[in-house]
Asks: 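Just dropping this structure here.
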Amino acid sequence: MSEKSKKPNKPSVYKPKPISGFPEWLPEERLVELKWLDHIRRTFESYGFASIETPSVEEIDVLLAKGEVDKEIYVLERLHKDEDDDKDARLALHFDQTVPFARYTAQHFNELTFPFKRYQMQRVWRGERPQLGRQREFYQCDIDVINIDNLPLAFDAEMAAVAYEVLDGLDIGRVQMRISNRKILTGLLESMDINDPVPVTRIIDKIEKLPIQQIENLLKEEKLSDNQIADIIQLAKTKGTKQDLDAIEPKNDKMKEGLDELAEVLDNLSHLPSEAIIADLSIVRGLDYYTGIVYETQLLDVEQFTGSVCSGGRYDNLASSFINKKLPGVGISIGFTRLFDVIRQSRRDLMNIGPKCPTDVLVYTEDKDLKETTNITAQTLRKRGFNVEVYDTVKKWEKHFKYAKNKGIPYIWYVNGPDTHEVKNMATDDKKETNPNDWNKDE
RNA sequence: GCGACUGUAGCUCAGCGGUAGAGCUCUCGGUUGUGGUCCGAGCGGUCGCGGGUUCGAACCCCGUCAGUCGCCCCA
């Protein structure tokens, strides 16, 4: 111990540790992430959704407008805050984009055209315990529509159609969206004189995770009779097509309304593959602001993760917390980071990891006197739309080659003389003479 | 917030009371000489942190912090 302390004083290094739940990717992964985000943006815009961004922070009172306090919210505070800062409105990082969107719509009500269709792709923050598919900082890609007074059910169908098209287009295996309508279960519960549907809802939500016996026991703890439990479970196990819904006997108007709405939405999605979107009455969602149609989406080809990568629903009253108008909305949110990270860790083969940089061509010369020609060549190629790096002339010849190989750069461009150029295709090993004005990538 | 497990080199890990190790990466040299190979050398570690037991702790004990996985909840 004493001998070690005699060591010459070394510069002290702070060893950084990863911050759990705040992910970061390597360049080759980030390139895939950007490709996915571009695809999502293009698809959203192809349906006419307009982009907006809202600040990362909202007043805490806005975030809690729907009385949902059990979410872990990160509060924003200055390190050197003034004595009288307590008077200021307290700010917090937003934990989703739906509540800020409702606030935005209410606040800019006069300047917006309705039905207002927007998409939003931003980071959100939740102070929960991280695990596979659950981060504390993550991207959500949301589309929502809000209208005045009434919002046609066609939009509920469109949300599902857009989300399915996005996910299907990412080439990450089979994706299945499951749809229900909250009115069906709450209608049934109301017919049983159960006023607070939340406890039962939470239990039904687990119907696929737990054995049916355990579900029954949990429902018994809610003081339900055996008959009631049987009815609830039978309903919740209903799964399939529109025809499977027809067999259900509505117990009251609300339940009938829910079933009719769900059938209409499914009708509106008949152009999609039959396995893509199914009815599943066990889908109820935890969030309390949903009032009608609800969605959840599973990756069927990723066994390690069964959670939903894309969820949402209809909310009739969310914006009315911020403005004295009736502004029903419906929206869906792709848990982008969840989706990306789950695939990254569990099905890397589906990611198509490519190069570590966007470079098309690495320009290199062995002859220091040709530096100017090298730079002009690179410039010419860049103007023609190629991504070009210049590798400095170094002692060890093969270093540039290893560099291109390791980074996945597809072409090396050799400047051999003022007008003598050669290009090597790294994939085929072919090398041929060319010039910067006419060269093109091999097909 | 609760439970289980894990913290050793930049990365993956071995060592589990007796001088801190390997592979990969990285740097340098040689070989090859239109190159992706091979060989050699080098750099790199308060063994998460703090206390205790011991002649002696990376190793045993206690605490603490961090991470991973479950639960809760959710994208």
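Labels below follow one simple rule: chain letters A, B, ... track the order of the sequence lines, proteins then strands, and each chain is numbered from 1.
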Asks: For the base of rC73(B), is there a side-chain donor-acceptor partner from R202(A) under 3.5 Å away?
Replies: no
Asks: Give me the residues of residues 419-434 of chain A where at least one heavy atom lies under 4.0 Å from an atom of RNA chain B, by number, or none.
Replies: D429(A), K431(A)
Asks: Starting at the 5' end of nucleotides 63-68 of chain B, put B wherever the base has a protein heavy atom under 4.0 Å, S where only the sugar-phosphate does, and a dash everywhere else.
Replies: ----SB
Asks: Pick out the pairs of N or O atoms, protein on one side and nucleotides 5-12 of chain B on the other, that lie under 3.5 Å.
Replies:
residue: rG10(B); atom: OP2; partner: K15(A); partner atom: NZ; Å: 3.4

Asks: Output the residues of residues 37-52 of chain A in contact with RNA chain B, where contact means a heavy atom of the residue under 4.0 Å from an atom of the strand; sort by number or write none.
Replies: none
Asks: Among rU37(B), rA75(B), rU27(B), find the nucleotide with the atom closest to the side chain of K402(A).
Replies: rU37(B)
Asks: Is there a stack between F336(A) and rA75(B), judged by ring centres under 5.5 Å and planes under 30°?
Replies: no
Asks: Between W125(A) (CH2) and rC73(B) (P), how many Å, whole number?
Replies: 25 Å
Asks: Can you label the angle between the Y364(A) ring and the H400(A) ring as parallel, tilted or perpendicular, going by 30° and 60°?
Replies: parallel
Asks: Does any pair with a residue in residues 197-222 of chain A pass ring pair (Phe, Tyr, Trp, His ring centres under 6.0 Å), and if so which ones, sequence neighbours excluded?
Replies: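 Sorted pair list comes back empty.
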Asks: In whole angstrom, give the distance that lies between atom CE of M121(A) and atom P of rA75(B).
Replies: 18 Å
Asks: Can you give me every donor-acceptor pair (side chain of residues 162-169 of chain A, partner residue at least two apart or in another chain, under 3.5 Å) with its distance?
Replies:
residue: E165(A); atom: OE1; partner: Y47(A); partner atom: OH; Å: 2.6

